[in-house]
Amino acid sequence: MTDDRIKKSYGRGRFLVVTGTVFLLPLVAAPVVARDVISDPLPVFQSDFGGVGLLQTPTARMAPVGEMSFTYDQVDPYTHYGFSFQPFEWFEAGFRYTQIENRLFGRSIAGDRDYLDKGVDLKLSLLNEGRYLPEFAVGFRDFGGTGLFGSEYVVANKRWYDFDFSLGLGWGYLGSRGDIENPLRFAGDRFEQRINERSAGGGDFNIKQLFSGKASLFGGIQYRTPYEPLTLQLEYDGNDYKTEPLNNPQEQDSPINVGARLRVNNNLTLSAAWERGNTAMLGATLSVNLAGLSQPKSDPPPVAPKAGRDHQSEDWSRVATDLAQNAGISASRISKDGDSLIVEGSPTRYRSMPEAELRANRILHNVAGTDIQQFHYRWKQRGLYLREDILPRDPLPDEPLLVEPASTFSGDDYRHGVASVASSSRRAAKTTDETVYEAPADRFSWSLNPGLNQNYGGPDGYLYQVLARLDTQFKTDEHGWFSNTLAYTLLDNFDKFDYIADSDLPRVRTFVGRYLEETDLGIYNLQYTRTARLSDNWFGMAYAGYLEQMYAGAGGEILYRPFNSNVAFGVDANWVKQRDFDTQFGLRDYETWTGNATAYIDTGIKDVLAVVSVGRYLAKDIGTTLDFSRTFESGVRLGAYATFTDAGDDYGEGGFDKGIYLSMPLDLFFNKSTRRTASVAWRPLTRDGGAKLARRYGLYGLTNQRSLGDYWENYERAGP
């Protein structure tokens, strides 16, 4: 053995001994740590790549549930833009852009623009920290992208007072130093050597190279100083930077990185470090906990209930106004039926249905005669009768009785069954009621809102379009309406949209740049829609017109959704024709049939909704879309999807479509309650494969009140 190899071996061995001793120290000393110290959580921070970690290396720690973080940092020649999400205690997900400042996309593609890599990261917690056992996790870096920074790792963490120790084993980018032999080599030949599956197009999961090739230890120590906003970090990096992506080796003077984190407040952290023994890192992280978002409200107080029960009203129009202004209920009809007062309508302000009902109970109690014993709330949406809640006459009743329809109805003819929380049901006789109020026809409505289209991650850099959107609606009757969206471009830079990836599929979406660039004033939607309740649990919808910016046509949807069921099934079918690039009335030659059969499954686990679709997409490819989303108590919904079709390599860039989306109730940002939401979606590339028609309305969303959701929890909060 040569002197250099002896020294290298000795250095590695010394590192193993020192690291193992340091990591075992908290295990040995753990019994003497007070329980109140252990229960005081240490802060966690986003690593350079995004995701909870030290600097270059991940740890087994997880962020608080519901936390979303954006990390920006620069360590030459890399600039990282990382987004990280914590939808569950045991699962961390994120995506990242890495700008490589000394490499280009290619002059023929993007001129002098720096190379920009996209990646998806995942981490799973396998073991929670105990008094003696460490926290343990397995993770995948750059798992669904080009694989330029692809890594797999296992890592453990153990706390000792204000110190947090981590020790891990990494493969790929994290393990390029090759400190140890791959411990999995005995499981098969494929683990001996790492297969290079890096691809300029990206978008595939790099399955074959997982946990293969040489490996390296990594780890470090994090120390919360007595000045609590300041945390110090020290780590051993498993990467030697000799095999960097794009043939871009970096000089490393030391494998030890040191850094500091300053938590300015709950949302902002500043970072600084000295990495590779010769390079400075500066960065910042913005974080927000989606699960805990809230905003104090200055809604009108509930009306004070009057004593007694003899308050017969003669001005039911005033009652309807009070219901709208105080209870947030748009009443289309109020009627009497025996000892019951019935309100038909839809919620307009409060996301909590009990909040609306209990406010309405106080209003109705103050105007109902002595013969009225209970109040009925028949909830409808776009003409669809969805459910009925029955509350006793008391202004703040102890318990409501939930009612759901058992058959179709028209006009004043209702037949319904009673459904308890155990979902038993029975038939009730046909009822005849007396109308005391019917809302005047309010056929026309409009709103003016800002809009933003954006694209980032391609060779053309960040592209944006700021719009002014005018939405109008004209109701022909309770079940039918015309909708129209006109949008005018206020500001954009889509004249820089030049790059369109190669694709053997019809250009069903990758002409998006042409649409955005050539549209100043565009008709983004102009359609007629009708709904119908087909039977007890079946709902239907049909539509025709200019359905979205790129397609016109006609279609329909049928949905089977039993009352308060965890499962619903729907089918939609559409004939569409591609629109001209100026988004006016002209049409192009391309036309096709598209549609999906979809299952909606409320998993009952942490408010997770799973949506599985199978069907034919706009490019005539056939495949499946998997969509998982979680709704937090705040009302924020975070989801991700992936679409796999038989298009295969014909996609152009990547082997499948994927993206994430976020829906947020607007009342989280205002002091007035509202049921309106704002949504934002991100997808790394615009592809032709797996492209769906962007339908404006869907039956599952229109029938959300078929599900009780958190009704009982909200009832307890809104009640006495």
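Predicted model, so just to flag it, every value in this text is computed and none were measured. Here, residue 1 is the first one in the sequence, and each next residue gets the next number.
- One N or O on the side chain of E235 and one on the backbone of L55 form a donor-acceptor pair closer than 3.5 Å.
- Taking the six-membered ring where tryptophan is involved, the planes of Y81 and F70 are essentially parallel, since the angle between them stays under 30° and well short of 60°.
- The line from CE of M68 to CG of L638 is 8.0 Å long, rounded to the nearest 0.5 Å.
- A heavy-atom distance below 4.5 Å is not found between the side chains of T269 and V264.
- In this structure, CG on L246 lies 4.5 Å from CD1 on I100, to the nearest 0.5 angstrom.
- P134 has its side chain out of reach of F165: every pair of non-hydrogen atoms, C-beta onward, lies at least 4.5 Å apart.
- For the residue pair R509 and A694, the shortest heavy atom distance occurs at NH2-N, 3.8 Å.
- N257 places no side-chain N or O within donor-acceptor distance of the main-chain N or O of L234, the cut-off being under 3.5 Å.
- Atom CG of N266 has 12 or fewer neighbouring heavy atoms from other residues, nucleotides or ligands inside a 6.0 Å radius.
- Scanning both residues, R637 and L609, for their nearest heavy atoms gives NH2-CD2, 3.8 Å.
- Across all their heavy atoms, P255 and R177 have their closest contact at CB-NH2, 3.3 Å.
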Check the pair Y227, L262 against side chain to side chain contact (heavy atoms under 4.5 Å, CB included), reporting the backbone distance first and the verdict last.
CA-CA 10 Å; Y227 176 61; L262 180 65; 4.1 Å; yes
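- Residues E92 and F85 are not in side-chain contact: their nearest non-hydrogen atoms beyond the backbone lie 4.5 Å or more apart.
- Salt bridge annotation for E129-R61: present, with a cationic side-chain nitrogen under 4.0 angstrom from a carboxylate oxygen.
- In summary, the side chains of T631 and D607 do not present any donor paired with an acceptor at a separation below 3.5 Å, with no hydrogens or angles considered.
- Side chains of Q56 and D48: a donor on one and an acceptor on the other come within 3.5 Å.
- A distance of 10.0 Å separates CZ in F136 from CG in L167, rounded to the nearest 0.5 Å.
- Atom OH in Y161 sits 13.0 Å away from atom CG in L42 (nearest 0.5 Å).
- Looking at E275, its side chain never comes within 3.5 Å of a backbone N or O of V258 through a donor-acceptor pair.
- No side-chain donor-acceptor contact under 3.5 Å links W171 to the backbone of L174.
- Between the side chain of R131 and the main chain of L133, no donor-acceptor pair closer than 3.5 Å is present.
- For the pair P245 and F149, the minimum side-chain heavy-atom distance is below 4.5 Å.
- At least one donor-acceptor pair under 3.5 Å links the side chain of Q250 to the backbone N or O of N248.
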From CA spacing to verdict: side chain to side chain contact (heavy atoms under 4.5 Å, CB included), Q46, V52
CA-CA 4 Å; Q46 299 291 304; V52 174; 3.8 Å; yes
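- When the shell of 6.0 Å around CG of D253 is examined, it contains more than 12 heavy atoms from other residues, nucleotides or ligands.
- For the pair R141 and Y173, the cation-pi test (distance below 6.0 Å, angle within 45°) is failed.
- Scored by the ring pair (Phe, Tyr, Trp, His ring centres under 6.0 Å) test, Y641 finds no partners at all (sequence neighbours excluded).
- Judged purely by atom type and a 3.5 angstrom limit, R630 uses its side chain to pair as donor or acceptor with the backbone of K606.
- By the neighbour-count criterion of 12 heavy atoms within 6.0 Å, atom CD of E633 is sparsely surrounded, having that number or fewer from other residues, nucleotides or ligands.
- The two atoms that bring A610 and F628 nearest to each other are CB-CE2, 3.5 Å, heavy atoms only.
- Ring geometry, W682 versus F95: the interplanar angle falls under 30°, so the pair is classed parallel (tilted spans 30 to 60°).
- Taken from CZ in R103 to CG in L148, the straight-line distance is 11.5 Å, to the nearest 0.5 Å.
- Of the charged side-chain nitrogens involved, at least one lies within less than 4.0 Å of a carboxylate oxygen, so that R224 and D40 count as a salt-bridged pair.
- Not a single salt bridge (Lys or Arg N to Asp or Glu O under 4.0 Å) links R261 to another residue, sequence neighbours left out.
- N239 and S176 share a donor-acceptor pair across their side chains, judged by distance under 3.5 Å alone.
- Distance check, rounded to the nearest 0.5 Å: CG of D121 to CZ of R96 gives 4.5 Å.
- Residue E135 comes nearest to A60 through the heavy atom pair OE2-O, 3.2 Å, listed as atom of the first residue, atom of the second, then distance.
- The shortest distance between side-chain heavy atoms of M62 and E89 does not fall below 4.5 Å.
- In this structure a side-chain-to-backbone donor-acceptor pair under 3.5 Å is present from N493 to Y464.
- Inter-residue side-chain proximity for L290 and M664 is flagged as met; some heavy-atom pair is nearer than 4.5 Å.
- For the residue pair Y236/D179, the side-chain donor-acceptor check at 3.5 Å is satisfied.
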In sequence, state the C-alpha distance, the side-chain angles, and the governing distance for I180 and L169, and then conclude on side chain to side chain contact (heavy atoms under 4.5 Å, CB included).
CA-CA 9 Å; I180 64 173; L169 180 64; 3.2 Å; yes
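- Residues L122 and A93 approach most closely at CD2-CB, 4.0 Å, considering heavy atoms.
- Looking only at side-chain heavy atoms (C-beta outward), F218 and D237 stay at 4.5 Å or farther from each other.
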Tabulate below the donor-acceptor pairs under 3.5 Å that side-chain atoms of residues 71-78 make, not counting sequence neighbours, or state none.
unit_1: T71; atom_1: OG1; unit_2: T285; atom_2: OG1; d: 3.2
unit_1: Q74; atom_1: NE2; unit_2: E101; atom_2: OE2; d: 2.7
unit_1: Y78; atom_1: OH; unit_2: E244; atom_2: OE1; d: 2.6

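- Within the 4.5 Å cutoff, the side chain of D114 has heavy atoms near those of the L104 side chain.
- Between the side chain of N289 and the backbone N or O of G292, at least one donor-acceptor pair lies under 3.5 Å.
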Could you give me the CA-CA distance, side-chain angles and deciding distance for F211 and V138, then say whether side chain to side chain contact (heavy atoms under 4.5 Å, CB included) is met?
CA-CA 11 Å; F211 301 101; V138 59; 4.0 Å; yes
